[in-house]
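The next block holds one structure in the form of structure tokens; read it before the comments.
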Amino acid sequence: MRAPRVAPNFITDIIERDLAAGKYPQVVTRFPPEPNGYLHLGHTFASFLDFQTAVQYGGRYHLRMDDTNPEGESMEYAEAIQDDLRWLGWDWGEHLYYASDNFERYYEYAQQLIRQGDAYVDSVSAEEMARLRGDATTPGTPSPYRSRSVEENLDLFARMRAGEFADGAHVLRGKIDLASPNMKLRDPVFYRILRGHHYRTGDAWCIYPMYDFQHPLQDALEGVTHSMCSLEFVDNRAIYDWLMERLGFDPRPHQYEFGRRGLEYTVTSKRKLRRLVEGGYVSGWDDPRMPTLRAQRRLGVTPEAVRAFAAQIGVSRTNRTVDIAVYENAVRDDLNHRAPRVMAVLDPLLVVLTNLPEGEGETRVLSLPYWPHDVIRDSPDGLVALPSGERVPPERAVREVPFSRELYIEREDFSPDPPKGYKRLTRGGTVRLRGAGIIRADEVETDEAGNVTTIYATLLGEDAKAAGVIHWVSAPHALPAEFRLYDRLFRVPHPEGDHPDDLAPDFDPERLSHENEAAPLDAGFLRFLNPQSLRVTRGYVEPSVAGDPQDTRYQFERQGYFWRDPVDSREDALVFGRIITLKDTWAKEAGKDAPKAGAKAPQPAPKAEAPQTTGHKPQPAPLTPEQEAEVARLTGLGASPADARTVARDPALLAFLAGARPGPTFGQVASWTVNDLAGPLRAGAVRVGVADLAPLAERLASGELTTRVARDVLARAAASGEAPLAIIEREGLGAGLDEGALAAAVAEVLAAHPDKVEAYRGGKTALLGFFTGQVMRATGGKADPAKVAAALREGLGG
RNA sequence: AGGGAUAUGGUGUAACGGCAGCACAACAGAUUUUGGAUCUGUUUGUCUAGGUUCGAAUCCUAGUAUCCCUGCCA
């Protein structure tokens, strides 16, 4: 099986650039969970991205326990995380790191910052610090301790470590910028005093480093090159970069942020998951309905399926919630080729074949294939697996299935009052028993409540006809078993959203965020628990499974994928858990009028299109009187009103345009300034002077130049500082394109793309843009677009 | 509110300024001794309004919506 790959994304783009530029000899990434909980499907995405990216670029990946906060962290979690990741198939070799192993080194770096005057010991209370930090609109004010001397800071910091102070009495803060609009930069805390017992370092430390200080250092110490994290850390990147610069790491890691991925019909917040466990809503962290990896593992999902899922959800810079169908598809797709088919009846109904002889000796033994024709057909080596794993020719991939006078069929597979389109057994009707022949239901026995208890049927000859096929097991031979039928834990796709009426979830995935442990837990999600998420039935499974390996995953035909519950199933008391149902188009069809529990909620009615019609027209941004005056001056000079407004509001553009020559070229120069140079201008990346633009505008106006050439040259001039006209002279771009050259270019393009030409003639006229682009490129932009269009139309017309 | 980030079908994700593609879902048909799988086909999309350009999902301007930041959590 081909290993799933991370799809190209903005981070792989960066990596490819870095590698091409020789910035790093090799890619090094890391996955840095905090050992204070179990991994869940959301982490799968992050770990897959971290690890698989490194694999694909021939680099290495690290697993790191981000264990800098003694509260809540434990060895049990650290080991569970490793176990889950190994189960997923990752192997980090010797590259397992614990942040706590480097406490001493962090401490030394902190001292260095103090010596450099970049950090200080603050001694105000937490509340006071919050107050002094200011808020979004008011800059922070310095703490009275901000100006302590290096010596005093060093001394205090050492005594903090020595345990001379009470928890919270002092902190070490970076001295960055109290007035920064980025709140993260307002002197972030680097160290706090905390007498917590750390699961690895015990009581060796009573000061602990904060994430913002520790994480960048740890990345650098490990030699990480590309440090990926989720979106809520964008603001923290400023600290990351500041530390790298102050501490002089070179080469240094860089942080890149990606959007988180949630999954429909579940929650991935650690606290909410804990609530489910502690509230007894599930049986534990490994309850198969939980999204934790442990639970999915117990459910019977394979690591390959989980990885395939991770690969299928794309990477972007937006938090998103993924359609549950994507996960289910990955699980089914994996199991379809992995799970041998056998039969089990979950909700049994007795059928007596009255024309078969009674007695023990009258059992027939059928040899039925484990695999359907299509799996056999698609097998790459022509072999298929036995439950033992041995691969054998299809004719040997069979099991013995007893067939006798008394059978069980699925209660659902008989209907005394069949709905339209029903293809199973009915009163007097026929149905095929998988692999055993066609039967007709002759008589139906019911109890006093009217429930069907027994069906008396006749086994017909092979010339009989039946519309449907059902599964069955031989009653005297079948193995009794408990079946656990799992369904989604929540009834609604977005249990974390607030929806007054459950049907139109008003949920925005952007709300997915890192947890705020300080805020109270919103337990509203519990309202949406699916009361039918676990249904337990007792039924029978065919006897062939008795000899199979315990971890065999089966497809119980027409029911779904099952395996033995690894915790509760015993040899003499089988418990099969349903990994996932088969897709069921009949249920969908039959349920159209009466939606069944567990069926996906109907699509919410399309949100009323925001009726922009009555709405506000976007008002032009208000200008100050000075700006209004500027607009008037600029339009007087020949700039368009829109350009004038843009320039008047932007100091960078205004300054650039200040030196522009009045006259006929002014309008064009202003337009270029706004449309072509605004970005680079603000970034300070424009090296050409405004005076050089007027001559270019003149050339353009005279018709010697195409717009395309002018703008290309302008962009290059802006970047290099060379005068545009100089570039034109040097490269001969001023020379026009003669008719012959144009015709040749057109002919060449058409000849090079016969398929596209045909498609165009076949009606795909949108291709005109493609051809135009090709000709423009071939001619270096020198072709007159109008002439190109004409030539193209002529060439394509015939 | 100050700063930051984001916006492409139902969902997720692509597209050097030039064919809006892929996956899942949905729908239709073929096939089928699983109402599974497979195969074929179809529907649905560039947040809004202006501008630049022969040509804009992409560049410029304004607006809208949502999320993040103001823990001694990570």
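Order of the sequence lines sets the chain letters (A, B, ...), proteins ahead of strands, with each chain counted from 1.
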- Tell whether A/N182 reaches the base of B/rG2 with its side chain through a donor-acceptor pair below 3.5 angstrom. no
- Item | Sequence-distant partners of A/T585, side-chain hydrogen bond (donor to acceptor under 3.5 Å, both in side chains), two or more places apart | none
- Item | Watson-Crick and G-U pairing of RNA chain B written in dot-bracket, each distance under 3.5 angstrom, with | for inter-strand partners | .((((((..((((....[..)))).(((((.......)))))....(((((..]....))))))))))).....
- A/Y191 ring center within less than 6.0 Å of A/F157 ring center: yes
- Partners passing salt bridge (Lys or Arg N to Asp or Glu O under 4.0 Å) against A/D413 (at least two apart in sequence or in another chain): A/R424, A/R558
- Task: Please determine, for the side chain of A/V326, which listed nucleotide (B/rC24, B/rC54, B/rA7) has the closest atom?
- Result: B/rC24
- Message: Between B/rU48 and B/rU64, how many Å separate the two P atoms, rounded to a whole number?
- Response: 15 Å
- Note on the structure: Comparing nearest nucleotides in RNA chain B, the 5'-proximal residue of the pair A/T137, A/A766 is A/T137
- Message: Measuring only the C1' atom in each nucleotide, how far is B/rU44 from B/rA56? A whole number of Å is fine.
- Response: 23 Å
- Query: Do the rings of A/Y554 and A/F556 sit parallel, tilted or perpendicular, given the 30° and 60° boundaries?
  - Reply: parallel
- Task: Could you measure between the two C1' atoms, the one in B/rU38 and the one in B/rU34, and give it in whole Å?
- Result: 13 Å
- Expressed as a whole number of Å, how far does the C1' atom of B/rA57 sit from that of B/rA20? 8 Å
- For B/rC72 and B/rG18, measure between their P atoms and round to the nearest Å. 48 Å
- Where along nucleotides 31-38 of chain B does protein come under 4.0 Å, by heavy atom, of base (B) or sugar-phosphate alone (S), with - for untouched nucleotides? -SBBBBBS
Shorter than 3.5 Å, N or O on both sides, protein versus nucleotides 56-59 of chain B: list them out with atom names.
residue, atom, partner, partner atom, Å
B/rC59, O2', A/N675, O, 3.3

- Residues in side-chain hydrogen bond (donor to acceptor under 3.5 Å, both in side chains) contact with A/T673, at least two apart in sequence or another chain: none
- Task: Scan A/G314 against the nucleic acid and name what it touches under 4.0 Å (heavy atoms): base, sugar-phosphate only, or nothing.
- Result: sugar-phosphate
- Distance between C1' atoms of B/rG10 and B/rU43 (Å, rounded): 12 Å
- Go through B/rA25, B/rA74, B/rA20 for me and flag the one nearest to the A/N329 side chain. B/rA25
- Determine: side-chain N/O of A/T707 to OP1/OP2 of B/rU52, distance under 4.0 Å, yes or no. no
- Message: Please give the distance between the P atoms of B/rA23 and B/rC39 as a whole number of Å.
- Response: 11 Å
